[in-house]
Every structure is written in structure tokens, then in C-alpha cells.
Protein chains: 2
Amino acid sequence: MAKIDLVRRAEIGREKRARTRAQILEAGALLLAERPPEALTVDAVVEAAGVAKGTFYYHFLSISELAAAVGVMLGESFDEMLTPAKLELSDPVARLVFMSRQFLQKAISDQVWARLVVQSSQSPTEFGRGIREHLKADLAEAIAQGRMVVKDVDLAADIVIGMLLQIMRGIIERGAPRDLIREALDAVLRALGAAETGFDGLDDVLDGQPGEGATP
Amino acid sequence: MAKIDLVRRAEIGREKRARTRAQILEAGALLLAERPPEALTVDAVVEAAGVAKGTFYYHFLSISELAAAVGVMLGESFDEMLTPAKLELSDPVARLVFMSRQFLQKAISDQVWARLVVQSSQSPTEFGRGIREHLKADLAEAIAQGRMVVKDVDLAADIVIGMLLQIMRGIIERGAPRDLIREALDAVLRALGAAETGFDGLDDVLDGQPGEGATP
DNA sequence: TTTCATGTTGACTGTATAGTCGATCCGACG
DNA sequence: CGTCGGATCGACTATACAGTCAACATGAAA
């Protein structure tokens, strides 16, 4: 019995498999942007993805697993979006502002993404918790440096998350008037009581200019 | 054919009818506190309410009508809660603070109510729009008086609503630490840029003391 | 006691959805 | 070009749910 190269075999379908899975994932994301996971049916997903029902179950165990996968996808888009901040900005308040700015800009340029974020913020997913922890780390650092009036990290996180999420809802429903982002960022800093304790480069971050060390 | 007193007849069952309807309504509110209306089934409602399925359809046309009725109920609880502010407080910022304070206090003392409010805030119901308009009226007055740094009424409303809702979520998930309400109210005022432009009695309202005119 | 409007019941029908499974397709490899 | 394993398909069963309806319960009035 000639042993066939199983490893090779395993690779064969991988591209097709990945493509189909991506189709289902994208369709799921699109649908989850406009309804909660509890209201999402397998039939709706497979129709939107253009695949057969069995194919869905070949890739996912259930709708909730699909929802989790979409959550992971969202989380990755966040990491991708926030990585530059981690690398370039050493100041926690600057990182906070940068993050908030990226957040709102993405919401303005990608409505589906915005809706998806808003929907995902309801049921506490793994993704949501990750964002929150990331945010809390920055806030704790800022508090430790005596940069903020708000001392309770959880309260500070709720303030930031609540403002950004609701402003995102506003963007979805009513669009983004001129200077919205700048005014929103100012309001976030004021709410935390971090407005007057900035560092030199903060205005650049607020305006979306290249930050510290980027200008030779 | 002796005309029977139809008006009287109509009154006969009213008490029973009202009681049953209230049962269904309460069960619906309880269930809608923990899942979105799209995920609520008639069977679940009638089981929770302890009535037969036909009874549900005798009182309501559909789940969405029940959800609307629950929304109206919530709206009434708001009116009830906010009426004293309208009457006693002439200052728009004081009314804003009073409203926010009542809001958070109620959330702390009534978890089901809090969950229901959070859930209802997702799908824009009639109730949600009413609250927003009410809030925007106060904010517009405050802006007109030059009391706030934030000039965009919609942005201001999103800031307040976002903060309060997310803080409510925090209360639901992690409880309310000491001084949470006071710190939250301070943060709201700072966010709007209304912290330094207060009037004399504002501290009383912030602390939940009887407001202006109540001390003879 | 009888009558009758109002309200309640739960069995019933039809439909939508979940989840399964053997048939089929596809493409690499010998 | 035939074989074979991984991927896809869609018909099928079982179940959950929506919505209906004829029968029954209740209690005030005659």
C-alpha cells in the first residue's frame, strides 16, 4: 500500500476551504451588523453566503460559533488598528486619544464595521472584554501618573467606551458633522479630567498628526 | 329584544382583563430585560406569565406589540421619575444632573429595570426617542445660555446617554462602588464642559439634596 | 336559575428553522 | 484516465414556533 502524502492532501483543499469559510464569515458579519446573534438563522447565513446548508455545518458547529468567529475577526481588526499606537506612543493618554480617534474614523469610513461593533457591544463577547482590558491598562497607567481626575479604572473605562459607542451610533444614524472627532476627543479627555495634564505632543495626536519621534 | 347595558357589560371583565394583561406585560418585561425582542417567543411569554397561548393573542397582536407596550410602560416610569425635576428646577443644567442622578439611582435599586433600559436602548423605540428629545431640550437651553463648551446638541446628547448607559452596564455587571453616582455626575458635567458654569444650588442637586425653593 | 357578554383555554394546523447524511463534485496524484 | 480524499451539496427528519379556533369558565343581570 503506497502511502500517499497525507500532509500534502491536507493542504490541497485548504485554499478552497479557507475561501468558503471566509465567504460564510463575511456573510455572517454582514448579517450580524444588523441583528443580534439570537435572531440570526443558519438559512439566512447560507443564503447570503451562497453555499449549501451542509457546508455551514462543515465549517461551524452552530450560529454562536460563527458569531464567536466574527468576534475574533473584529478583534483582529482592532489589533491591526491599534498596533501602531503601542509602538510609537509611550504616553498612555496619547495612546487613549489615538485609539479613540482611530475608532471614530473607522466608524465613519466603514458603516458595516460600525454597526457590527455596536451590535457586538451588547452581549459581552471575548472581543469586547479584550478591548476593555487593553483600554483599562492605559487608563491605569494614566491614573498612576496622576494625569486623571477619575481614579476608578472601571468607571473611566465605562466613560470612554460609553461615549465612543454612543457617538458611533450617532454617526450611523445621523452621520458625522464637521469637527465631530476633535470635539468628541476633547469631551472624552474632559470627562476623565485629563484635559489639562497633557504632554507636549498631545495636540498632534488630537489632530491626527504624526506623533512623537516621527518628525526627524 | 331588551337592550342590555353594554357599557356596564364592557366594564365587567375589565378588572380581570387588566390583571391578566398586566401579568403578560410583567412577564414580557422580565424576559425583555435579558434578551432582545427578536429572540422572544410567544411560548416563553405565556409560560412565564402562566396563561394560555390564546390569551396572549387576545391581548396582543404580536410580540412586537408586546415589546411596544413594555416600551410605553418604561416611558411612563421615566415620566414619573422626571416630573419633579420639571416642576421644581428651572435651571437646565440642574435638571440634567437631577435626571442623571435619578437614572443611576434607579439602576442601582432595580436591576431588572436597568437591564430593560439597556436592552431597549439598542433598537430605537418610541420610548428611546422620547427620552432623547426631552434631554436635547434641556441641553439646547443650556447651550443657549452659554453654559456648555459642547455646542452640538446631538453630540451632547450622545455624550450624556452614552456615559449613563455604559455606567448602567457597569452597575449591572460589577455593582456600584461608593461615590459612583457623584463621580459619574461630575464626569458628565466635565464632558459637556459645564462643570465651571454652574449656579449656586448645583452642589445640592449633585448631592441629591432638596433643590432651590424647597428650603423656606 | 337561566342567559349571555367577556375572557380564558389548549389542542390543532401550517411554516420556519435546526441539524443530519448519503450523493456528488473537484482536483491532485499515480 | 482512473483513484481517492477532502469539500460541497441539498433533500430529509425532527422540532420549535406562530397563529387559529371551537369549547369552556366566569359572573353580573334578568
Side-chain angles (χ1 to χ4, degrees), chain A residues 1-32 34-70 123, chain B residues 1-32 34-70 123:
Chain A
M1 45 176 168
K3 269 280 180 186
I4 302 172
D5 188 344
L6 289 180
V7 176
R8 179 72 190 106
R9 270 294 157 87
E11 284 172 2
I12 287 175
R14 204 163 281 172
E15 188 182 336
K16 179 190 290 184
R17 177 185 172 91
R19 208 168 49 237
T20 305
R21 189 187 152 93
Q23 275 178 34
I24 298 173
L25 213 55
E26 192 181 351
L30 217 61
L31 294 173
L32 283 173
E34 50 193 24
R35 36 183 145 169
E38 297 95 331
L40 186 58
T41 67
V42 176
D43 284 329
V45 172
V46 298
E47 188 192 339
V51 300
K53 200 167 195 177
T55 305
F56 174 87
Y57 284 101
Y58 182 73
H59 288 278
F60 299 94
L61 207 68
S62 65
I63 282 289
S64 71
E65 197 188 274
L66 170 64
V70 170
S123 42
Chain B
M1 46 175 166
K3 270 280 180 186
I4 302 171
D5 187 347
L6 290 179
V7 176
R8 178 71 189 108
R9 271 293 157 89
E11 283 172 3
I12 288 175
R14 205 162 280 173
E15 188 184 337
K16 179 191 290 183
R17 177 186 172 92
R19 208 169 48 237
T20 305
R21 187 188 153 94
Q23 275 178 34
I24 297 174
L25 213 55
E26 192 181 351
L30 217 61
L31 294 173
L32 283 173
E34 50 193 23
R35 35 182 145 167
E38 297 94 330
L40 186 59
T41 68
V42 175
D43 284 330
V45 172
V46 299
E47 188 191 339
V51 300
K53 199 168 195 178
T55 306
F56 174 88
Y57 284 101
Y58 183 73
H59 289 277
F60 299 94
L61 207 67
S62 65
I63 283 288
S64 70
E65 196 187 274
L66 171 64
V70 170
S123 43

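Letters A, B, ... mirror the listed sequences (proteins, then strands); counts begin at 1. Keep in mind that this is a model prediction, so the values were computed, not measured.
We find that CZ of Phe60(B) is positioned 15 Å from P of dA18(D), with the value rounded to whole Å. Between the CG atom of Leu40(B) and the C1' atom of dA16(D) there is a distance of 14 Å, rounded to whole Å. The CD atom of Gln23(A) sits 11 Å away from the C1' atom of dT8(D) (whole-angstrom rounding). With rounding to whole Å, Tyr57(B) atom OH is found 18 Å from dG7(C) atom C1'.
Checked against side-chain contact (heavy atoms from CB on, under 4.5 Å), Ala68(B) has no partners two or more places apart in sequence or in another chain. Taking the side-chain contact (heavy atoms from CB on, under 4.5 Å) definition, one finds that Tyr57(A) meets it with Val42(A), Lys53(A), sequence neighbours left out. Shown here are the side chain to side chain donor-acceptor pair (under 3.5 Å) partners of Ser64(A), two or more places apart in sequence or in another chain: Ser62(A).
The nucleotide whose nearest atom lies closest to any side-chain atom of Tyr58(A) is, among dA7(D), dC17(D), dT8(C), dA7(D). Among the nucleotides dC17(D), dT8(C), dA18(C), the one closest to any side-chain atom of Asp43(A) is dA18(C).
Minimum heavy-atom separation, Leu66(B) to Gly28(B): CD2-CA, 4.1 Å.
Against DNA chain C, the stretch residues 48-56 of chain B makes heavy-atom approaches under 4.0 Å through Val51(B), Ala52(B), Lys53(B), Gly54(B), Thr55(B).
Summary of helix geometry: the two end axes of the helix from dT1(C)-dA30(D) to dG30(C)-dC1(D), each defined by five base pairs via their C1' atoms, are inclined to each other by 20° (rounded to 10°).
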Please enumerate all protein N or O atoms sitting under 3.5 Å from an N or O of nucleotides 13-15 of chain C, with distances to 0.1 Å.
none

